[in-house]
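Since this is a predicted model, take the numbers as computed values, not measurements. Throughout, a chain's letter reflects where its sequence line sits, starting with A, and its residues are numbered from 1.
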Amino acid sequence: MGNFSAVVIDFETTGLSPNLGDRAIEVGAVLVQGTQIVDRFQSLMNPGMKISSFIEDYTGITNKMLIKAPPVKEVMKTLVKFIQQHHLVAHNASFDSKFLDAEFSRINHVRRNEFACSMLSSRRIYQDAPNHKLETLVRYKKLQTDGTYHRALADAEMTAYLWLRMISDIKSKYGLKQVSFPMMQQLCRVPKGKLEGFMIKFCS
DNA sequence: TGCCAGGCCCTCTTTAGGGCCTT
């Protein structure tokens, strides 16, 4: 009751910067409704270039796997249909949003969906965590995981469970009946020292 | 030409520097 839907998304890529020619090689996305994951999408993508041994080691995705994968553009067309008009969530959203926008621009699609960032939210909600890497937060909050990291669908699922846990923790800590997407989005920008005041504004 | 990520956020700050996060 009072829960919004959102698509939680994660990319594996050839590197850190689409501006320097990096491309997406895998996308994972899950649709969250209420307190559950209700749909999933995952695909490898052939970026038309070789990936480095660093990326092969980091992700477990190999050049051999990508040769057989559909081209990025083809997968992006399917992704557009999956995310529809839903709000978007990612862990360090500035990273995933820039790759999403770069790959969408190659199919002449403009994203209108708003993003929220689970990393920025977690820095405010879980100030006592050892750090705010996804892997650390999954252990810190004992979230559901099969132990796979740095693969798109696994990371998207863990980010979704983190997202749902943050909403649940905010509700119980501040006595809120519901938490909206705009509130979570604004939370990403609240100075840490002003968190209490921000929450009080949303009470009752 | 030759460089090469970039936004957030803290602090020994704002005429800046550096760690955190993502691959």
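Side-chain proximity of A:His91 to the nucleotides B:dC21, B:dC8, B:dT23 is greatest for B:dC21. Proximity note for A:Arg123 (side chain, C-beta onward) versus B:dA5, B:dT23, B:dC20: the nearest is B:dC20. The listed nucleotides are B:dT23, B:dC8, B:dG6; the one nearest the side chain of A:Lys98 is B:dG6. Residue A:Lys192 places its side chain closer to B:dC10 than to any other of B:dC9, B:dC10, B:dC21. Listed nucleotides B:dC10, B:dG6, B:dC4 differ in distance to A:Ser94; the shortest reach to its side chain belongs to B:dG6. The side chain of A:Leu120 has B:dC9 as its nearest neighbour among B:dT23, B:dC9, B:dA5. Set against B:dA5, B:dT23, B:dT22, the side chain of A:Leu134 has B:dT22 as its closest nucleotide.
Nucleic acid contact class of A:Cys188 (heavy atoms, under 4.0 Å, all strands): sugar-phosphate only. Contacts of A:Phe99 with the nucleic acid, taken as non-hydrogen atoms under 4.0 Å apart, are absent. Using a 4.0 Å heavy-atom cutoff across all strands shown, A:Asn131 reaches sugar-phosphate atoms only and no base atom. Using a 4.0 Å heavy-atom distance criterion, A:Asp10 is classed as a sugar-phosphate-only contact. Residue contacts for A:Asp155: at a heavy-atom cut-off of 4.0 Å it reaches the sugar-phosphate backbone alone, with no base atom in range. Using a 4.0 Å heavy-atom distance criterion, A:Arg189 is classed as a sugar-phosphate-only contact.
A straight line from CG of A:Asp101 to C1' of B:dT22 spans 15 Å, rounded to a whole angstrom. Straight-line distance from the OH atom of A:Tyr149 to the P atom of B:dT23: 13 Å, rounded to whole Å. As rounded to whole Å, 8 Å separates atom P of B:dC9 from atom CE of A:Met119. Note: NE2 (A:His132) to C1' (B:dC20) measures 10 Å, nearest angstrom. Note: CG (A:Leu16) to P (B:dG7) measures 13 Å, nearest angstrom. The CD-P distance, from A:Glu26 to B:dT23, rounds to 11 Å in whole Å. Note: CG (A:Asn92) to C1' (B:dT22) measures 4 Å, nearest angstrom. In this structure, CZ of A:Arg124 is placed 13 Å from C1' of B:dC21, rounded to the nearest angstrom.
The number of heavy-atom neighbours closer than 6.0 Å to NZ of A:Lys133, taken from other residues, nucleotides and ligands shown, is 12 or below.
Along DNA chain B, the nucleotide closest to A:Thr59 and the one closest to A:Leu20 are compared, and the more 5′ of them pairs with A:Leu20. Annotation: of the two residues near DNA chain B, A:Phe54 and A:Val190, the 5′-most nearest-nucleotide partner is A:Val190.
Taking atom P in both B:dG19 and B:dG2, the straight-line distance is 29 Å, to the nearest Å. Between B:dC12 and B:dG18, the distance separating the two P atoms is 14 Å to the nearest Å. Between B:dG6 and B:dT23, the two C1' atoms lie 13 Å apart (nearest whole Å). Across the P atoms, B:dC8 and B:dC4 are found 23 Å apart, a figure rounded to whole Å. For the C1' atoms, the distance linking B:dT14 with B:dC9 amounts to 14 Å, nearest Å. Only the P atoms considered, B:dT13 is 12 Å distant from B:dG17, to the nearest whole Å.
Side-chain contact, A:His91 with A:Ser118: a donor N or O sits under 3.5 Å from an acceptor N or O. Checking A:Asn63 against A:Glu56 by side-chain atom types alone, a donor-acceptor pair falls below 3.5 Å. Using a 3.5 Å distance cut-off with no hydrogens or angles, the side chains of A:Thr148 and A:Asp146 do pair a donor with an acceptor.
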What verdict does the salt bridge (Lys or Arg N to Asp or Glu O under 4.0 Å) test give for A:Arg165 and A:Asp169, after you've listed the backbone C-alpha separation in whole Å, the side-chain angles of each residue and the deciding distance to 0.1 Å? CA-CA 6 Å; A:Arg165 182 60 177 273; A:Asp169 285 349; 3.3 Å; yes
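To the nearest 0.5 Å, the span separating CE on A:Met45 from CE on A:Met76 amounts to 4.0 Å.
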